[in-house]
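Everything on this sheet refers to the single structure shown next.
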Amino acid sequence: MGGVQRAVSEWQKLPLSLTELCIDTTLRCGQSFRWRKIDDEWHCVLQGCIISLKQDAAHLHYRAIWPSHKQKLSAAVAPRTPLSLTYSCPSPRVKEEQDDGVQVASASVSAHDSDVDDDDGTARFLRSYFALSHSLSAMYEQWASSDANFARRAPAFTGIRILNQDAWETLVAFICSSNNNISRISQMVHKLCLHYGPYIGTVAGETFHDFPGPEALAGTRVEAHLRELGFGYRAKYIAETARIVATERPAGWLRQLRNPECPALDALGGGGVGDAKEEKNAEPTAPSYRATHEALVELSGVGPKVSDCVCLMGLGWGEAVPVDTHVWQIAQRDYAFGKGGKSKTFSKATYDAVGDHFRKIWGPHAGWAQSVLFTANLKSFSQQASGAKAEVSSAAIKVEEAKETTALAGKPAARVTKRKTVVTEVSSAVVKVEEITETTALVGKPAARVKKRKTVVAKVALKLEDDDIQVAEAKISTLRTSKRLRTRA
DNA sequence: ACGGGACCTGACAA
DNA sequence: ATTGTCAGGTCCC
């Protein structure tokens with residue numbers, strides 16, 4: 001540790017249960033589109049640092065990797081105007097090779113790291129990013145107690161939190177999300193970082209860039225370039241919104257739209273990084289969810305749904321309920337929406353009605369609860385639902401067996417029954433349960449015994465219906481009944 | 001105000 | 001293989 005300054009911190013850990021936070025779900029359920037999982041570790045650039053995470057049952061393990069010129073990077077949002085369409089990695093940078101295959105962009109000017117040991121800063125940042133001050137299990141209980149449907153769906157999807165993300169990044173990411181799928185949204189957000197964001201470092205051979213600021217995306221050629229990159233009609237929205245935010249709104253405009261009860265993301269460097277240059281503009285309107293929602297809708301490509309996503313995940317308004325196709329489906333299927341003659345089709349009035357309903361039954365963090373049901377409804381997570389339910393189902397079968405065995409045990413030991421259950425997954429929706437029973441009967445004289453072996457195979461098909469597992473078939477067939485075997489001692 | 005299309009693209013199922 | 005549908009919607013008429 002002598003000569004070369006390292007910008008990679010050691011792994012640290014934060015005590016945290018999986019019911020309070022499950023990163024495997026939270027980082028994949030369509031809130032952030034930027035986290036990448038490599039060999040059981042999650043990585044993402046936040047505030048100019050590469051944050052790495054892994055989790056076990058008791059702890060969230062984390063480490064931060066930052067370039068020594070991080071201060072400069074986080075302050076320099078502006079000077080990124082791509083002149084070349086194929087601009088990607090700024091090459092003329094010194095890279096420091098680390099032991100574990102980690103490279104970090106390093107400005108040759110300062111070979112001096114400020115805060116390698118400052119991991120409290122990272123911990124504070126993570127508590128803020130994951131909004132850990134709220135007890136998630138307590139909130140789940142509250143939502144479940146006031147809503148039977150939530151109580152039914154949520155047990156298979158614990159640990160889903162709303163991330164406290166950067167507002168600008170959230171805004172752009174969800175402009176990309178319109179009429180789109182998570183896979184492609186992630187690709188698009190990645191392209192934005194790659195082509196317009198500053199290079200931060202390399203982990204396991206993969207390069208990591210930060211998310212570009214509004215100024216970087218406000219150029220006149222951005223729209224055409226983004227179209228070439230496959231953004232489709234969203235290219236115009238992004239360029240327009242970037243221009244508006246960069247030039248037609250006061251500095252710190254987005255920050256002023258935050259929920260005051262949910263403080264802004266803590267600075268990673270332990271303070272001093274954020275430029276406290278705004279805040280002087282007198283904003284007479286008291287910040288509120290409604291006002292924030294209206295202000296965002298003014299932007300290009302931002303309708304009510306995208307606005308609510310930014311309110312919820314980027315600005316700390318927990319009551320914001322983004323109503324998308326999934327939530328609309330849920331509202332119709334589980335909350336009797338669209339049944340009455342009025343709101344059969346989906347209108348703005350319907351949108352507001354759905355949100356109001358969920359705010360009414362779930363309370364001030366309705367958006368958090370929405371995220372749980374949304375995730376449970378995602379196709380990419382349906383296997384998790386069926387898998388969990390199959391487990392529950394097979395557990396129930398085993399309980400039945402145990403009861404039977406207990407009943408037998410009470411009798412004088414005329415026979416001994418041994419049972420075994422084999423559960424095999426046929427598909428994501430169908431599970432085969434084989435029950436093998438061996439009965440050994442003891443008859444006659446002590447010396448002689450009759451052994452009767454019977455094998456019963458029970459096939460239980462579990463069908464996925466409305467995302468709900470039901471036992472569609474419980475057929476018991478005797479495959480083989482062996483003859484009596486007479487043995488002698 | 002309300003209803004209906006168009007809109008880029010790519011993955012995935014018939 | 002081609003075609004159709006769907007994906008965390010928004011804009012415009």
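Numbers restart at 1 for each chain; the letters A, B, ... are given by sequence-line order, proteins then strands. Only heavy atoms go into these numbers, but all of them, side chains included; no hydrogens, no water, no symmetry mates.
Rounded to an integer number of Å, the gap from Ile175(A) CD1 to dC11(C) P is 9 Å. As rounded to whole Å, 10 Å separates atom P of dC6(C) from atom CD of Gln329(A). Taking atom CZ on Arg227(A) and atom P on dT9(B), their separation rounds to 7 Å, with Å as the unit. To the nearest angstrom, P of dA1(B) lies 18 Å from CZ of Phe346(A). Between the CD1 atom of Ile162(A) and the C1' atom of dG8(C) there is a distance of 12 Å, rounded to whole Å. One interatomic measurement links the two molecules: CD1 of Ile238(A) to P of dT10(C), which rounds to 14 Å at whole-angstrom precision. Between the CG atom of Asn179(A) and the P atom of dG8(C) there is a distance of 10 Å, rounded to whole Å. Straight-line distance from the CG atom of Leu299(A) to the C1' atom of dT10(C): 13 Å, rounded to whole Å.
Taking CD of Gln370(A) as the reference point, atom CZ of Phe358(A) lies at 8.5 Å (rounded to 0.5 Å). Atom CH2 of Trp42(A) and atom OG of Ser52(A) lie 12.5 Å apart (nearest 0.5 Å).
Contact of Tyr237(A) with dG9(C) (side chain to base): no donor-acceptor pair of N or O atoms is detected under 3.5 Å. Side-chain atoms of Lys305(A) and base atoms of dG9(C) include no donor and acceptor less than 3.5 Å apart. Judged by distance alone with a 3.5 Å cut-off, no donor-acceptor contact links the side chain of Arg184(A) to the base of dC6(C).
In the set dG4(B), dC11(C), dA7(C), dG4(B) carries the atom at the smallest distance from any side-chain atom of Thr345(A). Here the nucleotide nearest the side chain of Asp324(A), chosen from dG4(B), dT10(C), dG8(C), is dG8(C). Counting only heavy atoms from C-beta on, Pro322(A) has its side chain closest to dG8(C) among dG8(C), dG3(B), dT10(C). The side chain of Pro304(A) sits closest to dT10(C) out of dG8(C), dC8(B), dT10(C). Distance from the side chain of Ser347(A) is smallest to dG3(B) among dC8(B), dT10(C), dG3(B).
Nucleic acid contact class of Gly30(A) (heavy atoms, under 4.0 Å, all strands): base. The residue Cys29(A) sits close to a base: some heavy atom pair falls under 4.0 Å. Within 4.0 Å of Ile330(A), counting heavy atoms only, lies no atom of the nucleic acid at all. Phe374(A) comes within contact range of at least one nucleobase, with a heavy-atom separation under 4.0 Å. Residue-level contact check: Glu240(A) touches neither bases nor backbone, having no heavy atom under 4.0 Å from any strand. No contact: Val327(A) has no heavy atom under 4.0 Å from any strand. Within 4.0 Å of Arg234(A), counting heavy atoms only, lies at least one base atom of the nucleic acid.
A donor-acceptor contact shorter than 3.5 Å links the side chain of Arg234(A) to the backbone of Cys176(A).
Ion pairing between Arg153(A) and Asp334(A) holds under the 4.0 Å rule for side-chain N and carboxylate O. Salt-bridge formation is not detected for the pair Asp356(A)/Lys360(A): no Lys NZ or Arg NE/NH1/NH2 atom is positioned less than 4.0 Å from an Asp or Glu carboxylate oxygen. Classification of Asp308(A) and Lys305(A) as a salt-bridged pair fails, no side-chain N sitting under 4.0 Å from a carboxylate O.
Of all heavy-atom pairs spanning Asn149(A) and Asp147(A), the tightest one is N-OD1, 3.0 Å.
Both Ala349(A) and Ser178(A) lie near DNA chain B, and the one whose nearest nucleotide falls closer to the 5' end is Ala349(A). The residue among Gly232(A) and Gln187(A) whose nearest nucleotide of DNA chain B is located toward the 5' end is Gly232(A). Mapping Lys236(A) and Ile185(A) onto DNA chain C via the closest heavy atom, the residue that lands nearer the 5' end is Ile185(A).
Between Ser177(A) and the phosphate of dG9(C), there is no side-chain N or O to OP1/OP2 separation shorter than 4.0 Å.
Taking atom P on both nucleotides, dG3(B) is separated from dG8(C) by 25 Å, rounded to a whole Å. On the P atoms, dC13(C) is 14 Å away from dC8(B), given to the nearest whole Å. dA1(C) sits 24 Å from dT9(B) when the P atoms are compared, rounded to a whole Å.
With both pairing distances under 3.5 Å, dC12(B) is matched to dG4(C) as a Watson-Crick or G-U wobble pair.
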